[in-house]
Amino acid sequence: MVEVQFRFREDEAVNDPAVTVDSFGDQTNATAVRIEPGDDARELLPHLDRLSLVEVSFPAWTDGRGYSSARLLREAGYQGEMRAVGDLVIDMLSHLRRCGFDAFAPDHALNEQDAQTAFDRWENVYQATAVDGRQAIWAKRHG
C-alpha cells in the first residue's frame, strides 16, 4: 500500500491491494485497480459499481495521461476513491483535483502549506468540468 499524504473524502480510506487493469477483469473479488500510463481506463467502465479505489500512477510528473483516465472515470459516474500516486509535484495538485482525484500519495512528501496553497490557488476556472461543478468564468460573465 502507498502512503497517502492528502485525502479529501469523508469515508474510510481504502487499503485493498490494487491489481493491474489487465488482471482486474479476471479477479472477481478485486475492488481496487491501478492504472499505469498506457492503460485504457475505458476497460473499467463496465465495473465501476464494484470499484472502491482507483490508483493512477504518475511515474514522472511530465506524463499527464493519468489526468485523462481520472476525468473519464469520474464523468462516467465513478464515485469511489481516486488516488494519484507517484511523482507528484506542487504544480500538479489543483489540476489533479479538477480532474477528479481526491487522494494523493506522492513518492516524496510535499510541503503541507505549499500544497494547501496549490489546492486553493484558483477561485475561477476557464473550463467547466462535471467533476468539481465549478462554473467556467466565461459562463459567469455571460450567464
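Note that this is a predicted model, so its numbers are computed, not measured.
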Does any part of the side chain of [Y], heavy atoms only, come nearer than 4.5 Å to the side chain of [X], both counted from C-beta?
{"X": "Thr31", "Y": "Leu53", "result": "no"}
{"X": "Glu81", "Y": "Asp102", "result": "yes"}
{"X": "Leu96", "Y": "Val56", "result": "no"}
{"X": "Val54", "Y": "Leu73", "result": "yes"}
{"X": "Asp107", "Y": "Glu3", "result": "no"}
{"X": "Phe58", "Y": "Val85", "result": "no"}
{"X": "Phe101", "Y": "Phe104", "result": "yes"}
{"X": "Trp61", "Y": "Leu88", "result": "no"}

> Which atom names give the shortest non-hydrogen contact between Ala76 and Leu45, and what distance separates them?
Replying inline: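 Closest approach of Ala76 to Leu45: CB-CD2, 3.4 Å.
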
> Rounded to the nearest 0.5 Å, how far apart are CD of Gln116 and CG of Leu93?
Replying inline: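 Going from CD on Gln116 over to CG on Leu93, the span is 10.0 Å.
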
> Going from CG on Leu110 to CD1 on Ile90, what distance comes out if it is rounded to the nearest 0.5 angstrom?
Replying inline: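 So the CG of Leu110 and the CD1 of Ile90 are separated by 4.5 Å.
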
> Do the charged groups of Asp120 and Arg97 touch, with an N to O distance under 4.0 Å?
Replying inline: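 Judged by the 4.0 Å cut-off on N to carboxylate O distance, Asp120 and Arg97 do not form a salt bridge.
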
>> Applying salt bridge (charged side-chain N to carboxylate O under 4.0 Å, His left out), can you list everything that pairs with Asp63, at least two apart in sequence or on another chain?
In response: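 Per chain and number, Asp63 pairs via salt bridge (charged side-chain N to carboxylate O under 4.0 Å, His left out) with Arg65.
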
> Between Arg50 (side chain) and Ala30 (backbone), is there a donor-acceptor pair under 3.5 Å?
Replying inline: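 Yes, because the side chain of Arg50 sits within donor-acceptor range (under 3.5 Å) of the backbone of Ala30.
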
>> I'd like to know if the side chain of Arg71 and the backbone of Cys99 have a donor-acceptor N/O pair within less than 3.5 Å.
In response: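 Flag not set: sc Arg71 to bb Cys99 has no pair under 3.5 Å.
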
> Tell me the ring pair (Phe, Tyr, Trp, His ring centres under 6.0 Å) pairs involving residues 36-57, sequence neighbours left out?
Replying inline: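 Listed once each, the pairs are Phe24-His47.
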
>> Please evaluate residues Met82 and Tyr78 with respect to the criterion side chain to side chain contact (heavy atoms under 4.5 Å, CB included), reporting the C-alpha separation (whole Å), side-chain torsions for both, the decisive distance (0.1 Å), and the verdict.
In response: CA-CA 9 Å; Met82 183 78 67; Tyr78 175 65; 3.6 Å; yes

All N/O donor-acceptor pairs, side-chain side in residues 34-43, below 3.5 Å, sequence neighbours left out:
| residue | atom | partner | partner atom | Å |
| --- | --- | --- | --- | --- |
| Arg34 | NE | Glu36 | OE2 | 2.9 |
| Arg34 | NH1 | Glu55 | OE1 | 2.9 |
| Glu36 | OE1 | Ser57 | OG | 3.1 |
| Asp39 | OD2 | Glu36 | N | 2.8 |
| Asp40 | OD1 | Arg42 | N | 3.0 |
| Asp40 | OD1 | Arg42 | NE | 2.9 |
| Asp40 | OD2 | Arg42 | NE | 3.4 |
| Asp40 | OD2 | Arg42 | NH2 | 3.0 |

Set of side-chain contact (heavy atoms from CB on, under 4.5 Å) partners for [X], sequence neighbours left out:
{"X": "Glu112", "value": "Gln5, Phe6"}
{"X": "Asp26", "value": "none"}
{"X": "Ser23", "value": "Val19, Thr20, Gln27"}

